[in-house]
Amino acid sequence: MAALLVVAVLAAISHSEAVKANSVSFASEYRHPPNGICVDYTIKQDVTSTNYIWDLEKFTSNFDTIEFLTELARKDSKTVYHPVSSNPKNETKTYEVSATFCSPKKANYGKDKIVLLATHGLGYDRRYWASAWKPKDYSFVDFALDKGYSVFFYDRLGVGKSQIVSGYVNQGSIQLALLERLVELVRAGKYTGSIGKPKNIVLVGHSFGSFLSNAVISDQRNLVDGVVLTGIAYANATDLATADSGWGLEAFAARIAKFQDKKWSNRDTGYLNFGDIYGHVNGFFKAPNYDIPTVEYAQAIAQPFAALEFVSTKLFNLNASAFKGPVMVTAGENDLLLCGGECKSTFSSGVAEQTFKSSKDLNLYVHPGAGHGVNFGFNATVFYGKITAFLDKNF
Ligand SMILES: *[C@@H]1O[C@H](CO)[C@@H](O)[C@H](O)[C@H]1NC(C)=O
Ligand SMILES: *[C@@H]1O[C@H](CO)[C@@H](O)[C@H](O)[C@H]1NC(C)=O
Ligand SMILES: *[C@@H]1O[C@H](CO)[C@@H](O)[C@H](O)[C@H]1NC(C)=O
Ligand SMILES: *[C@@H]1O[C@H](CO)[C@@H](O)[C@H](O)[C@H]1NC(C)=O
């Protein structure tokens, strides 16, 4: 009897190991959509940026992480908590970024010369845009290629196949400089497969990637031709959903990544991860707008983010009042992180209209029922359709 039990347990273990091994190799797949002609690039560039210096002790355990979360979340955090020193430093360094460029196999009125340059948010890598799980339902890149657009999408610094730098160094200013450099290189026709120089470049962002894309057009009004900002909102000062809510990491139940899983052993303790799948859902999904297998895929491809990156979200200049190109701003109706769980009122506050005062076409769209991670919610293709309709109208 005892022996039988052991066999049964072993069988159960090996079965679950096999399932795990399968799901891991499936999840690690960086997919080239079959309707695209795709090329992978490794891009090494020097950039100069004005960087903040981490001013706390480095975390040695999750008790330190919890203290960081608690202090960030307190209502007077902005005045009493200073994780970075007040004097930023100008630094020039070389960074390596891993990217994919896809142009459509089937041409559609020369739209392949319109390049969507997509920047993902915290917690993911470029697979946020090109899901290997049910791509017909969840891959923005597949959808955009079907409509004839080309897409350049990359792993931000510190995630996926891009260079890993310390989580106490990696921050918005470096990534802003990198994104601006990527735009220049794509504009010059490098890294655009066989299409050569693009006619237009439109930045597409999600969450932190939207903050970065917004910061680009605030910094340089003529660098790109349009922007599509997803998973972002512009709250007024009295909106309970102030856009820089420090409690986001509490929702994630963020914990030190390298203590969670040995696949993150090359990150220092400055890299945090969703505490578990429920913390991920808390930040990115809203019932009943998702199914569990899709969330499990999202969790399998999740990436740690730098503590300083999260803090630096508040340091971007988002005033893009001089940018004249078309701007689309969109979020899920129930985005917890940017709208405090209810986006309709936040979107009607008038702040986006001020932020993008000169835009020739400002389009604000709240996607029904979705949470923050719209690409992995139900009806993501309806959402993609709104984006490409906006692009079709303007380009
Ligand atoms: C950093 O560079 C910026 C832009 O070139 C400049 O305005 C600023 O004074 C520099 N800051 C420091 C601390 O050197
Ligand atoms: C945005 O920048 C413009 C131009 O620099 C300035 O006139 C305007 O007051 C700024 N808006 C806000 C809300 O700071
Ligand atoms: C700010 O936004 C909130 C929520 O959208 C709204 O109820 C309030 O009227 C707005 N306040 C001002 C001063 O515009
Ligand atoms: C979203 O998807 C659900 C389930 O497929 C459907 O019932 C609903 O009408 C969709 N909503 C929108 C806005 O497309």
Side-chain angles (χ1 to χ4, degrees), residues 45-55 75 78 82 84-95 168-181 183-184 203 210-224 227 229 231-248 286 308 311-327 329-360 362-372:
Q45 286 290 315
D46 280 354
V47 297
T48 302
S49 53
T50 307
N51 301 337
Y52 285 85
I53 312 300
W54 185 256
D55 208 22
K75 65 183 177 189
K78 259 187 220 159
H82 305 289
V84 297
S85 70
S86 49
N87 347 304
K89 253 179 44 189
N90 288 339
E91 294 177 314
T92 301
K93 287 222 167 86
T94 309
Y95 298 102
Y168 303 107
V169 170
N170 197 0
Q171 57 189 286
S173 54
I174 302 173
Q175 296 187 35
L176 171 60
L178 270 169
L179 175 53
E180 291 181 344
R181 181 58 52 80
V183 171
E184 289 161 6
L203 298 181
S210 288
F211 281 93
L212 282 167
S213 304
N214 181 345
V216 167
I217 59 168
S218 303
D219 186 41
Q220 296 195 50
R221 71 169 98 166
N222 292 319
L223 198 63
V224 299
V227 292
L229 307 173
I232 195 167
Y234 299 83
N236 68 25
T238 59
D239 191 336
L240 294 175
T242 49
D244 54 0
S245 304
W247 46 261
K286 177 69 175 77
L308 185 46
V311 168
S312 68
T313 306
K314 301 177 188 180
L315 304 169
F316 288 122
N317 170 21
L318 300 181
N319 179 351
S321 61
F323 181 72
K324 296 202 173 87
V327 174
V329 175
T330 173
E333 180 181 5
N334 299 115
D335 188 312
L336 180 66
L337 301 173
L338 277 300
C339 301
E342 187 278 294
C343 278
K344 280 187 177 157
S345 63
T346 300
F347 268 59
S348 62
S349 68
V351 179
E353 286 82 347
Q354 286 307 306
T355 307
F356 306 106
K357 208 159 46 191
S358 311
S359 168
K360 70 174 184 191
L362 175 64
N363 181 311
L364 304 182
Y365 170 62
V366 174
H367 186 57
H372 181 61

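Count residues from 1 along the sequence. Because only heavy atoms are used, hydrogens play no part in the values below, and waters and symmetry mates are left out as well, while side chains stay in. As the structure lists them, so they are numbered: ligands from 1, and atoms in each ligand from 1.
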Using the rule given for side chain to side chain donor-acceptor pair (under 3.5 Å), can you reason through T238 versus N236, listing the C-alpha separation, both sets of side-chain angles and the distance that settles it, and then say yes or no? CA-CA 6 Å; T238 59; N236 68 25; 3.2 Å; yes
pair L178-L212: side-chain heavy atoms closer than 4.5 Å: no
Report, in ascending order of atom number, the atoms of ligand 2 lying under 4.0 Å from any heavy atom of S321.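 Under 4.0 Å from S321, ligand 2 has these atoms: 1 (C), 2 (O), 3 (C), 4 (C).
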If you count the atoms of ligand 2 from 1 in the order shown, which ones are under 4.0 Å from a heavy atom of N319? 1 (C), 2 (O), 3 (C), 8 (C), 10 (C), 11 (N), 12 (C), 14 (O)
Aromatic rings F211 and F316: how do their planes relate, parallel, tilted or perpendicular, breaks at 30° and 60°? parallel
Among all the protein's non-hydrogen atoms, which is closest to [atom], and how far away is it?
atom                    : result
atom 1 (C) of ligand 1  : N90 ND2, 1.6 Å
atom 13 (C) of ligand 1 : P88 O, 4.0 Å
atom 6 (C) of ligand 3  : N236 ND2, 4.2 Å

Atom 4 (C) of ligand 1 touched by protein (heavy atom, under 4.0 Å):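 Within 4.0 Å of atom 4 (C) of ligand 1, no protein heavy atoms are found.
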As a test of the contact definition, would atom 9 (O) of ligand 1 count as having a protein heavy-atom neighbour under 4.0 Å?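 No.
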What atoms of ligand 3 come within less than 4.0 Å of a heavy atom belonging to T238? 1 (C), 10 (C), 11 (N)
Do any nitrogen or oxygen atoms of K357 come within less than 3.5 Å of a nitrogen or oxygen of ligand 2?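 Between K357 and ligand 2 (N or O atoms, distance only) the closest approach is not under 3.5 Å.
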For the residue pair N51 / S173, report whether a side-chain donor-acceptor contact shorter than 3.5 Å exists.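 Checked: S173/N51 side chains pair up, N/O donor to acceptor below 3.5 Å.
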Any luck finding a side-chain donor-acceptor pair between T346 and D239 under 3.5 Å?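 Checked: T346/D239 side chains pair up, N/O donor to acceptor below 3.5 Å.
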For N214, the option from N317, L229, V227, L203 that meets side-chain contact (heavy atoms from CB on, under 4.5 Å):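 Exactly one candidate clears the test, L229.
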Return yes if some donor-acceptor pair links the side-chain N/O of N334 with the main-chain N/O of G341 below 3.5 Å, else return no. yes
Is it the case that ligand 3 has an N or O less than 3.5 angstrom from some N or O of S349?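 Among all N and O atoms of S349, none is under 3.5 Å from an N or O of ligand 3.
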